[in-house]
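Report on one structure; see the data block that follows.
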Amino acid sequence: MAEPPIPLEEIYSRLIAAVDSLEGEAAEGLMQELAAQMPAWLEAHWKMLHSSPSPSRITACRLQQWYRAKEFPHDQEIPTYWKVRAAMGVAAEPYYLAVLTAAGLGVWLPTEAFPIGPMLAHPDLLAPDFAVELKTTNGWGYKALLENPAGVVAEEFGHFAQAQLQTAAADRRWALYISTPADPSMLQGTMRQRKEYGPTWELPPFYIEWIERNDNEVARLLERAEMLVKDLASDVPPTPEFDGVEFEPKKGRRAYPCGYCLWRTRRNQDFPDKETV
């Protein structure tokens, strides 16, 4: 494994210092300067939201992607907080640009999408030596990232796959993955109740990880993208990849991933025997 461009410890300390520095007139001036780049960036970003298949959904169930591309109406209401979180994720991009700029990482907002196989990729940010993948993660997902030495590939494989494709499309070797918790105060309070953390433990405001491009993994993901293209060219729905179970009674919560699917009623009507590939 090659050495990443900058040690993670250095990046983390730079990020903290940058956040602390973004106050007053200097910060306002930087934000105004960067805001001028937003229209072109947003145009490229919105194009990506409507493309299928796409790096951001490459690991999603192929049947779900078929319903989305065929514009079947949702049979489940989208929770309001999902909408807020999605909108805030977009709105946070210029702030992160300001933070990473203040941290001296030499990043910019890409205003074009890069072709890769049958898809287009649009990295959140680019630097000369790496792409940047920005995410917000729910509390338990963030906790898992902090506690699992394997990191993103084990706990957020969809994020890992997206980073692989974005990095390859932009012809970079590395992706800098930066995640922030969506509910930091609650998560910190919960973790402080555990003996291994204690009442004074401070939740890290960022989880960061270098993801090195793996060309074998990229090739596998591109094979999946080609399969999805064939699915979308057909009027026959593909066999679902998951069991359609919506709820886990013993855990008292929705089952992942089908409990969170916006087409789960239709899926179980179209495939009542819960057939999967």
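Formation of a donor-acceptor pair under 3.5 Å by the Arg14 side chain with backbone atoms of Ala103 is found in this model. Judged purely by atom type and a 3.5 angstrom limit, Gln162 has no side-chain atom pairing as donor or acceptor with the backbone of Pro55. Not one N or O on the side chain of Gln64 forms a donor-acceptor pair closer than 3.5 Å with the backbone of Cys258. One N or O on the side chain of Ser13 and one on the backbone of Glu10 form a donor-acceptor pair closer than 3.5 Å. With hydrogens and angles disregarded, no donor-acceptor distance shorter than 3.5 Å links the side chain of Asp124 to the backbone of Glu133. Using a distance-only test at 3.5 Å, with no hydrogens or angles considered, a donor-acceptor pair links the side chain of Trp66 to the main chain of Ser234. Side-chain atoms of Lys70 come within 3.5 Å of backbone atoms of Leu232 as a donor-acceptor pair (strictly under, hydrogens ignored). At distances below 3.5 Å, not a single donor-acceptor pair connects side-chain atoms of Glu241 with backbone N or O atoms of Leu63. The closest donor-acceptor contact from the side chain of Gln65 to the backbone of Arg57 lies under 3.5 Å.
Environment of CE in Met186: sparse, with no more than 12 heavy atoms of neighbouring residues, nucleotides or ligands closer than 6.0 Å. In this structure, Tyr256 places its OH atom where only 12 or fewer heavy-atom neighbours from other residues, nucleotides or ligands lie under 6.0 Å away. Heavy-atom neighbours of Asp171 CG from other residues, nucleotides or ligands within 6.0 Å: at or below the threshold of 12. Counting non-hydrogen atoms of neighbouring residues, nucleotides and ligands closer than 6.0 angstrom, the CH2 atom of Trp201 exceeds 12 such neighbours.
The aromatic rings of Phe206 and Tyr12 stand perpendicular to each other, their planes meeting at an angle above 60°, with 30° marking the opposite boundary.
Taking the six-membered ring for Trp and the full ring otherwise, Phe130 and Trp210 have centroids separated by under 6.0 Å.
In terms of heavy-atom proximity, Pro118 sits nearest to Ala225 at CG-CB, 3.7 Å. Between Phe157 and Glu217, the closest heavy-atom pair is CZ-OE2, 3.5 Å. Among all heavy-atom pairs drawn from Ala169 and Phe114, the shortest one is O-CB, 3.6 Å. When all heavy atoms of Lys83 and Glu77 are compared, the pair lying nearest together is NZ-OE2, 3.9 Å. Among all heavy-atom pairs drawn from Ala144 and Glu155, the shortest one is CB-OE1, 3.3 Å.
Taking the centre and axis of the six-membered ring of Tyr67, the NZ or CZ atom of Arg267 falls outside the cone set by 45° and 6.0 Å.
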